[in-house]
Amino acid sequence: MNYKELADLIFPDAKDIEYYENKYPKRNLKEGAVVTRFAPSPTGFMHIGGLYQALVARTVAKKTDGVFFLRVEDTDQKREIENGVTDIVNSLKDFNMAPDEGMITDTEEIGEYGPYKQSLRKDIYQAYAKYMLEQGKAYPCFATQEELDEMRAKQEAAKVRTGYYGVWAKYRNLSLDEMAEKIKAGVPYIVRFKSQGREDRKIKHKDVIKGNVDFPENDQDIVIIKADGLPTYHFAHAVDDHLMGTTHVIRSDEWLSSVPLHLQLFQELGFKAPKYAHISPIMKNDNGNKRKLSKRKDPEAAVSYYEELGIPSAAVKEYLLNIANSTFENWRRQNPDKAIEEFDFQLNKMSVSGALFDMVKLLDVSKIVISKYTAEEVYKYSLAWAKRHDSELAEMLESNKDYSLKIFGIERGNKKPRKDIAKWSDVKETIEYMYDDKFEEKEQNYEYQTISDKEKINEILNTYIAEYYDEDDEKQVWFDKIKDLAGRLGYAKEVKEYKENPEAFPGHVGDVSTVLRVALTGRTNTPDMYEIMKIIGKDRIKRRFELAKTK
RNA sequence: GGCCCGUUGGUCAAGCGGCUAAGACGCAGCCCUCUCAAGGCUGAAUCAUGGGUUCGAUUCCCGUACGGGUCACCA
């Protein structure tokens with residue numbers, strides 16, 4: 001029995017690796033083009049950390065005219081959930097980050113280097129595992145779970161490193177004949193990597209983000225093919241990223257400590273190793289401790305959470321990019337209208353330690369993003385959101401599109417646009433009072449602040465509507481009239497005038513405006529009242545004033 | 001516990017041997033102003049800690065503390 005025969009015994013049908021090497025030729029890309037991937041497991045909802053990785057990977061690829069692909073890592077069927085792939089694909093689409101290659105629905109894919117779903121690549125992995133067997137770089141291991149548990153217990157008792165390595169690697173040195181015999185006898189087995197590493201030797205690794213990191217060599221004989229015939233992550237990573245031509249592996253830094261193993265695997269398989277960029281995860285402050293955003297405990301870990309709140313995907317991306325490269329913020333300030341693809345993203349400028357997630361900052365970013373939208377866009381996006389999450393708002397918006405558009409147009413489109421909407425779920429509260437049925441069905445709490453005398457209030461309202469308000473007035477004229485009204489009724493026409501001599505007046509023009517504003521809208525704070533009055537129109541203003549007078 | 005990584009204001013961070021230690025969010029105050037949202041200005045607030053090296057350390061080296069990651073037939 002020799003290695004070749006053993007390999008044939010284990011994988012009789014596996015193809016020669018030449019077949020795959022030829023089938024997936026080197027990519028023909030321009031110099032410096034970077035190939036990256038997003039390689040999630042369909043084990044739960046799309047995580048904000050996953051989106052972050054995907055965004056970074058995609059940005060880097062786009063910047064170099066490279067390729068960004070999506071590979072689904074579903075080699076653990078036990079953990080797989082229903083719609084896992086669909087959720088990932090849709091999330092990327094929602095964020096306008098659809099991959100150049102890879103899965104585009106839960107079953108379909110595009111690209112020449114597929115399949116992009118690992119469970120469909122079993123034959124490929126087995127071919128490479130067979131190759132390893134033939135080279136004597138892998139071997140079948142017959143250890144049962146009990147044996148492994150026992151080994152671990154002994155190691156812990158002896159206070160030595162746990163794992164399958166060195167003298168503990170019980171089946172590593174079986175003779176080929178013994179191996180073959182057991183296999184033929186039907187003893188269950190898996191395939192292990194036969195590590196040549198030594199723990200007392202160091203390997204050097206230069207991570208694109210983390211910088212120089214030295215590790216002891218890997219000496220663990222890790223499993224490469226599991227009992228179900230599928231590969232472990234490590235083996236699949238080496239085979240796939242080689243065949244798919246990945247130049248930069250951008251992944252979460254929980255993988256950093258596996259780098260020695262991965263480098264070793266690439267080496268033993270005869271592959272050129274990719275560059276690695278290990279990203280620090282997004283953290284959360286939990287009672288003074290930093291910890292990773294958790295799928296279980298933190299609603300904000302789910303990408304869907306932001307959609308539910310109505311934070312535009314563009315805002316989430318900007319925020320994430322901000323965390324990734326802090327220079328982004330300045331760039332954005334200087335280039336408010338450029339696409340994020342034009343930003344000169346630097347992988348090596350990414351933070352080495354994990355950033356705390358900051359909802360307040362996200363909302364600020366979101367506010368700015370929304371302030372740049374046209375009224376038409378605000379209408380479109382908020383309506384789309386409302387249809388999913390707030391049917392009442394959807395009805396309001398749809399009841400009169402032109403009217404809604406006018407409302408969204410208030411103080412929008414100039415160089416200092418209004419910034420009062422941070423998320424679509426703010427919209428209803430922001431515009432509600434502009435719709436008569438909503439305004440009237442709600443019990444308005446008329447609080448006029450400084451001026452509280454009922455008669456005075458009625459006088460202001462009556463006089464204003466009867467003698468002053470004209471829909472055709474320019475803004476300045478409109479305001480001069482309010483001043484005039486204030487003066488006529490004994491209030492200070494200018495706030496300054498009042499402040500200089502507060503005893504001389506019962507109030508000032510601002511107080512008079514407040515009366516009008518409260519009667520008109522039921523609130524003390526609103527956007528520009530001139531525009532609001534124009535939109536509402538004289539008849540309805542009158543009606544609202546009448547309503548206010550009855551209260 | 002072993003092995004790795006990290007630690008600049010409340011948060012995100014710039015910095016790369018000599019600076020009054022940028023900027024942003026948040027906070028406070030002022031200005032503008034018919035009220036808000038903005039915008040403008042001002043302010044409070046930071047180099048975890050102890051040793052070195054150096055004429056000089058936030059920056060380089062070592063230790064300590066704290067935080068994080070990893071040690072599966074999970075990814």
Side-chain angles (χ1 to χ4, degrees), chain A residues 39-41 43 73-76 78-79 118 141 143 145 148 152 156 159-164 188-192 199 205 207 210-211 213-216 220 222-228 230-234 236-237 251-260 278 280-281 283 285 288-292 319 322-323 325-330 332-333 349 351-365 367-368 371 411 415-422 430 449 478-479 482-483 486 495-496 508-518 521 523-530:
Chain A
S41 301
T43 53
E73 310 226 323
D74 60 341
T75 54
D76 185 5
K78 291 172 299 243
R79 295 204 309 155
Q118 290 183 329
C141 171
Q145 195 52 55
L148 258 18
R152 163 172 281 270
E156 278 169 1
K159 291 201 190 322
V160 297
R161 277 186 304 128
T162 54
Y164 202 91
Y189 64 94
I190 48 85
V191 180
R192 279 185 193 274
E199 213 253 347
H205 165 61
D207 195 88
K210 304 276 181 184
V213 188
D214 295 349
F215 290 99
Q220 299 274 345
I222 56 110
V223 175
I224 58 175
I225 300 291
K226 301 184 285 185
D228 59 7
L230 285 168
T232 54
Y233 170 86
H234 307 104
H237 155 52
R251 59 179 11 172
S252 159
D253 73 357
E254 67 196 59
W255 293 108
L256 185 61
S257 56
S258 308
V259 164
H278 287 94
S280 315
M283 317 283 280
N285 189 317
N289 288 338
K290 259 181 157 185
R291 48 154 250 256
K292 256 164 63 164
Y319 172 67
N322 225 329
I323 292 182
N325 266 191
S326 62
T327 47
F328 176 78
E329 207 167 3
N330 281 329
R332 174 49 88 209
R333 200 174 301 279
K349 291 277 187 189
S351 170
V352 190
S353 53
L356 242 34
F357 179 79
D358 187 350
M359 190 64 177
V360 176
K361 178 85 179 182
L362 204 211
L363 289 176
D364 181 68
V365 172
K367 212 156 51 167
I368 294 170
S371 76
E411 295 174 74
K415 52 244 155 274
K416 284 184 196 167
R418 195 162 181 81
K419 295 183 184 171
D420 54 355
I421 301 173
T430 313
Q449 300 192 328
W478 169 85
F479 189 51
I482 294 179
K483 282 185 180 176
V495 180
K496 266 208 182 90
H508 55 77
V509 61
D511 298 318
V512 174
S513 298
T514 298
V515 169
L516 297 175
R517 171 174 280 115
V518 170
T521 66
R523 49 183 81 184
T524 50
N525 301 330
T526 71
D528 186 27
M529 189 158 59
Y530 171 73

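Labels below follow one simple rule: chain letters A, B, ... track the order of the sequence lines, proteins then strands, and each chain is numbered from 1. Computation of the quantities below employed the complete heavy-atom set of this structure, encompassing side-chain atoms and omitting hydrogens, waters and symmetry-equivalent molecules.
Remark: Lys78(A) is in phosphate contact with C74(B), judged by side-chain N or O atoms under 4.0 Å from OP1 or OP2. Checking the phosphate oxygens (OP1, OP2) of G67(B), no side-chain nitrogen or oxygen of Lys292(A) falls inside 4.0 Å.
Note on Thr75(A): only backbone sugar-phosphate atoms sit closer than 4.0 angstrom, heavy atoms only; bases stay farther off. Within 4.0 Å (heavy atoms only), Asp420(A) reaches sugar-phosphate atoms of the nucleic acid but no base atom. Residue Thr514(A) is classed as having no contact, given no heavy-atom separation below 4.0 Å to the nucleic acid. As judged by a 4.0 angstrom heavy-atom cut-off over every strand, Pro281(A) is placed among residues making no nucleic acid contact. Residue-level contact check: Lys415(A) touches neither bases nor backbone, having no heavy atom under 4.0 Å from any strand. Gly510(A) comes within contact range of the sugar-phosphate backbone alone, with a heavy-atom separation under 4.0 Å but no base atom that close. Nucleic acid contact for Arg333(A): sugar-phosphate only, since backbone atoms but no base atoms lie under 4.0 Å from a heavy atom of the residue. Using a 4.0 Å heavy-atom cutoff across all strands shown, Phe215(A) reaches sugar-phosphate atoms only and no base atom. Ala143(A) comes within 4.0 angstrom of a base, heavy atoms only.
With a 3.5 Å limit on both pairing distances and Watson-Crick or G-U wobble geometry required, the stems of 3 or more pairs in RNA chain B span B:1-7 with B:65-71, B:10-12 with B:23-25, B:27-31 with B:39-43, B:48-52 with B:60-64.
The shortest non-hydrogen separation linking Ile190(A) to Ala227(A) is CG2-N, 3.3 Å. The two residues Leu356(A) and Lys290(A) make their nearest non-hydrogen contact at CD1-CG, 3.4 Å. Listed here is the closest heavy atom pair of Val259(A) and Arg251(A): CG2-NH1, 4.2 Å. For Ser252(A) against His278(A), the heavy-atom pair with the smallest separation is O-CD2, 3.6 Å. In this structure, Lys210(A) and Asp253(A) approach most closely via the heavy-atom pair NZ-OD2, 3.0 Å. Smallest separation of non-hydrogen atoms from Ser280(A) and Ser351(A): OG-O, 3.2 Å.
Taking the nucleotide of RNA chain B with the nearest heavy atom to each of Met283(A) and Trp478(A), the more 5' of the two is matched to Trp478(A). The residue among Ser258(A) and Arg291(A) whose nearest nucleotide of RNA chain B is located toward the 5' end is Arg291(A).
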Quiz item: How would nucleotides 5-15 of chain B be written as a contact map, 5' to 3', with B for base contact, S for sugar-phosphate-only contact and - for no contact, using protein heavy atoms under 4.0 Å?
Solution: SS----SSSSS

Nucleotide N/O to protein N/O under 3.5 Å, stretch nucleotides 26-31 of chain B:
none

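For Asp76(A), the listed nucleotide lying nearest its side chain is A75(B); candidates were A75(B), C34(B), C73(B). Closest contact between the side chain of Ser41(A) and the listed nucleotides C73(B), C34(B), A75(B) involves A75(B). With A75(B), C34(B), C73(B) as the candidates, the nucleotide lying closest to the side chain of Ala227(A) is C73(B).
Spacing between atom CH2 of Trp255(A) and atom P of C74(B) amounts to 11 Å, rounded to whole angstrom units. Here the C1' atom of nucleotide A24(B) and the CD1 atom of Ile368(A) are 9 Å apart, to the nearest Å. Rounded to an integer number of Å, the gap from OH of Tyr164(A) to P of C71(B) is 19 Å. Distance, Glu254(A) CD to C4(B) C1': 14 Å, rounded to whole Å. Rounded to whole Å, the distance from CD1 on Ile482(A) to C1' on U33(B) is 13 Å. For the pair Ile421(A) CD1 and A38(B) C1', the computed distance is 13 Å after rounding to whole Å. Between the CD1 atom of Ile224(A) and the C1' atom of A75(B) there is a distance of 17 Å, rounded to whole Å. Glu411(A) places its CD atom 13 Å from the P atom of G39(B), with the value rounded to the nearest Å.
Note that the NE2 atom of His508(A) and the NZ atom of Lys483(A) stand 12.5 Å from one another [nearest 0.5 Å]. Rounding to the nearest 0.5 Å places OG1 of Thr327(A) at 7.5 Å from NZ of Lys349(A). Taken to the nearest 0.5 Å, the NZ atom of Lys367(A) stands 11.5 Å off from the CD1 atom of Ile421(A).
The P atoms of U59(B) and A75(B) are separated by 42 Å, rounded to the nearest whole Å. For the C1' atoms, the distance linking U7(B) with U49(B) amounts to 11 Å, nearest Å. Taking atom P in both U53(B) and C62(B), the straight-line distance is 15 Å, to the nearest Å. U54(B) and U46(B) are spaced 25 Å apart, taking the C1' atom of each and rounding to whole Å. As rounded to the nearest Å, C34(B) and U20(B) have C1' atoms that lie 42 Å from one another. Straight-line distance between the P atoms of U11(B) and C47(B): roughly 12 Å, to the nearest whole Å. For the P atoms, the distance linking C41(B) with G23(B) amounts to 11 Å, nearest Å. Across C31(B) and A38(B), the matching C1' atoms stand 14 Å from one another, rounded to whole Å.
In this structure, Asp228(A) has no salt bridge (charged side-chain N to carboxylate O under 4.0 Å, His left out) partners at least two apart in sequence or on a different chain. Residues satisfying the ring pair (Phe, Tyr, Trp, His ring centres under 6.0 Å) criterion with Phe215(A), sequence neighbours excluded, are absent altogether. Applying the side chain to side chain contact (heavy atoms under 4.5 Å, CB included) criterion to Thr162(A), with sequence neighbours excluded, gives Arg152(A), Gln155(A), Glu156(A).
The base of C36(B) lies outside donor-acceptor range of the side chain of Arg517(A), with no N or O pair under 3.5 Å.
With Gln220(A) contributing its side chain and Tyr164(A) its backbone, the two residues share a donor-acceptor pair below 3.5 Å. In this structure, Thr75(A) contributes its side chain and Thr232(A) its backbone to no donor-acceptor pair below 3.5 Å.
Ring geometry for Tyr233(A) versus Trp255(A): interplanar angle under 30°, hence parallel rather than tilted (30 to 60°).
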